[in-house]
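Structure record follows, encoded as structure tokens.
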Amino acid sequence: MKVFPFKIPKQKNEALVYQEDIEPYFYDKLHQHQEVQISLILEGEGTFVLGDSVTHFKSNDIFVIGSNLPHVFKSDIYSTNNSQMLSLFFNKDSFGDNFFKLKEFNSLNSFFNKSLYGIKLNSNKDTVKTKFLKLKNADKLERFIILFEILHLICDSKIEQLSSFLYEKNYSDNEGKRMSAVFEYTMNNFNQDISLDKIADVANMTSNAFCRYFKQRTNTTYFQFLTKMRIENACKLLNQNSDLTIAEIAYKSGFKNISNFNRQFKQLKKTSPLKYKSEHLA
């Protein structure tokens, strides 16, 4: 998990990029790019880290990732299906410096503002998916038209804002490598004991310096971030595994104390693990 940031490959004078990612697993690198990204998950599931948020992704999820917002998709290693994602990339000035400043596009101002913090769609997903599936065989003009149909649908959709903090500086290569190493280690070891000394060593920093460094770039402490990672894993297990007890799920998610698990879960999800399980179990 190294490279940071990266540029979207595109031909000269290409304003809108359509991309298909088909892999056994998404094990992407933490990265940021100037383009706004709209993505449909066709297959696969796993963890999506964006800004200071941690969430689970699965088939038919649709995300909007704002310009220069650090993010990473990591597939669950036990998933038997390929991971497949369809994405559109464009800049706010892709079609001209003043294009989106036209009065006809005033309704899109909220889209660009909200995209800066990341968006997950909670309605109109089937309709947006239908538009995405037309992109592969569409010519460049048709893709341009489909983009604006998708933008219009997103503006009329119920959405969930993902990140609560915007780090306004672009990461340098050294910062990217350091944060990538921290995120990679956390995603691979969240169910184990992680000490401050250990994660600071991963970042090649002293403990005090690491605490300040991480907080400045995420607006959260490392252990608050780690707790989010563990709670999201618990939610995934609560959704999918009817045979696991609450205590077993807590243990598999890195909690050694059931009381602490219940307290942290309720603080983040505003409900108890048992009630969450009864409401969300597939």
Do [X] and [Y] get their side chains close enough for a donor-acceptor pair, meaning under 3.5 Å?
X      : Y      : answer
Asp21  : Gln19  : yes
Asp52  : Thr220 : no
Ser75  : Ser83  : yes
Glu45  : Gln240 : yes
Lys252 : Asn191 : no
Asn233 : Ser253 : yes

State, to 0.1 Å, how close [X] and [Y] come at their nearest heavy-atom pair, and which atoms those are.
X      : Y      : result
Lys120 : His56  : NZ-O, 4.1 Å
Asn189 : Ile194 : O-CD1, 3.5 Å
Gly254 : Arg230 : O-CZ, 3.6 Å
Ser94  : Ala15  : OG-O, 3.2 Å
Gln37  : Ser39  : NE2-OG, 2.8 Å
Asn204 : Arg178 : O-NH2, 4.1 Å

Atom [atom1] in [X], atom [atom2] in [Y]: separation rounded to 0.5 Å?
X      : Y      : atom1 : atom2 : answer
Gln192 : Tyr185 : CD    : OH    : 8.0 Å
Lys134 : Glu149 : NZ    : CD    : 6.5 Å
Thr127 : Leu121 : OG1   : CG    : 10.0 Å
His152 : Ser157 : NE2   : OG    : 10.0 Å
Ile41  : Leu86  : CD1   : CG    : 9.0 Å
Leu42  : Asn82  : CG    : CG    : 11.5 Å

Under a 4.5 Å side-chain heavy-atom rule over Ile, Leu, Val, Met, Phe, Trp and Tyr, are [X] and [Y] clustered together?
X      : Y      : answer
Met187 : Val54  : yes
Leu151 : Leu135 : yes
Leu196 : Phe190 : yes
Val64  : Leu147 : yes
Ile199 : Leu30  : yes

Donor-acceptor under 3.5 Å ([X] side chain, [Y] main chain):
X      : Y      : value
Asp139 : Glu142 : yes
His71  : Leu69  : yes
Lys125 : Asn122 : no
Gln264 : Phe261 : no
Ser123 : Lys158 : yes
Asp97  : Asp93  : no

Q: Assess the pair Phe99 and Phe105: is the distance between their ring centroids shorter than 6.0 Å?
A: yes
Q.
For the aromatic rings, using the six-membered ring if either is Trp, is the centroid distance between Phe57 and Phe63 under 6.0 Å?
A. no
Q: Check step by step if side-chain contact (heavy atoms from CB on, under 4.5 Å) holds for Thr186 and Val202.
A: CA-CA 10 Å; Thr186 306; Val202 169; over 6 Å; no
(Q) Ring-plane angle category for Tyr222 and Phe225, please: parallel below 30°, perpendicular beyond 60°, tilted otherwise. (A) tilted
Q: Look at the aromatic rings of Phe100 and Phe90 and report parallel, tilted or perpendicular, splitting at 30° and 60°.
A: tilted
Measuring only between side-chain heavy atoms, which start at C-beta, is [X] closer than 4.5 Å to [Y]?
X      : Y      : answer
Lys228 : Ile231 : no
Glu14  : Lys140 : yes
Pro273 : Asn262 : yes
Leu162 : Phe48  : yes
Lys74  : Phe26  : no
Asn239 : Tyr276 : yes
Ile38  : Ile119 : no
Phe132 : Val128 : yes

Any chance [atom1] of [X] has more than 12 other-residue heavy atoms, nucleotides or ligands included, within less than 6.0 Å?
X      : atom1 : value
Lys269 : NZ    : yes
Tyr251 : OH    : no
Lys256 : NZ    : yes

Q) Does the pair Phe73 and Val49 meet the rule for a side-chain contact (heavy atoms from CB on, under 4.5 Å), with working shown? A) CA-CA 7 Å; Phe73 289 91; Val49 180; over 6 Å; no
Q: Take Arg263 and Asn260 through the side chain to side chain donor-acceptor pair (under 3.5 Å) test and state the conclusion after the steps.
A: CA-CA 5 Å; Arg263 181 172 61 253; Asn260 182 46; 2.9 Å; yes
Q) Does the distance from a Lys or Arg side-chain N to an Asp or Glu carboxylate O, for Asp193 and Lys198, drop under 4.0 Å? A) no
Q: Measure from NZ or CZ of Arg217 to the centre of the six-membered ring of Tyr213, then state whether that distance is under 6.0 Å and the direction lies within 45° of the axis.
A: yes
Q) Does Lys136 make a cation-pi contact with Tyr18, if we ask for NZ or CZ under 6.0 Å from the ring centre and within 45° of the axis? A) no
Q.
Is there a side-chain contact (heavy atoms from CB on, under 4.5 Å) between Thr271 and Phe265? Walk through the geometry before answering.
A. CA-CA 7 Å; Thr271 189; Phe265 192 100; 4.3 Å; yes
(Q) Between Lys129 and Asp126, is the salt bridge (Lys or Arg N to Asp or Glu O under 4.0 Å) condition met? List the steps. (A) CA-CA 5 Å; Lys129 179 180 179 179; Asp126 289 341; over 6 Å; no
Q. Between Leu108 and Phe148, does a side-chain contact (heavy atoms from CB on, under 4.5 Å) hold up when you go through it step by step?
A. CA-CA 10 Å; Leu108 294 181; Phe148 282 89; 4.3 Å; yes
Q.
My understanding is that only one of Val17, Leu16, Ile65 makes a side chain to side chain contact (heavy atoms under 4.5 Å, CB included) with Phe89; could you say which?
A. Val17
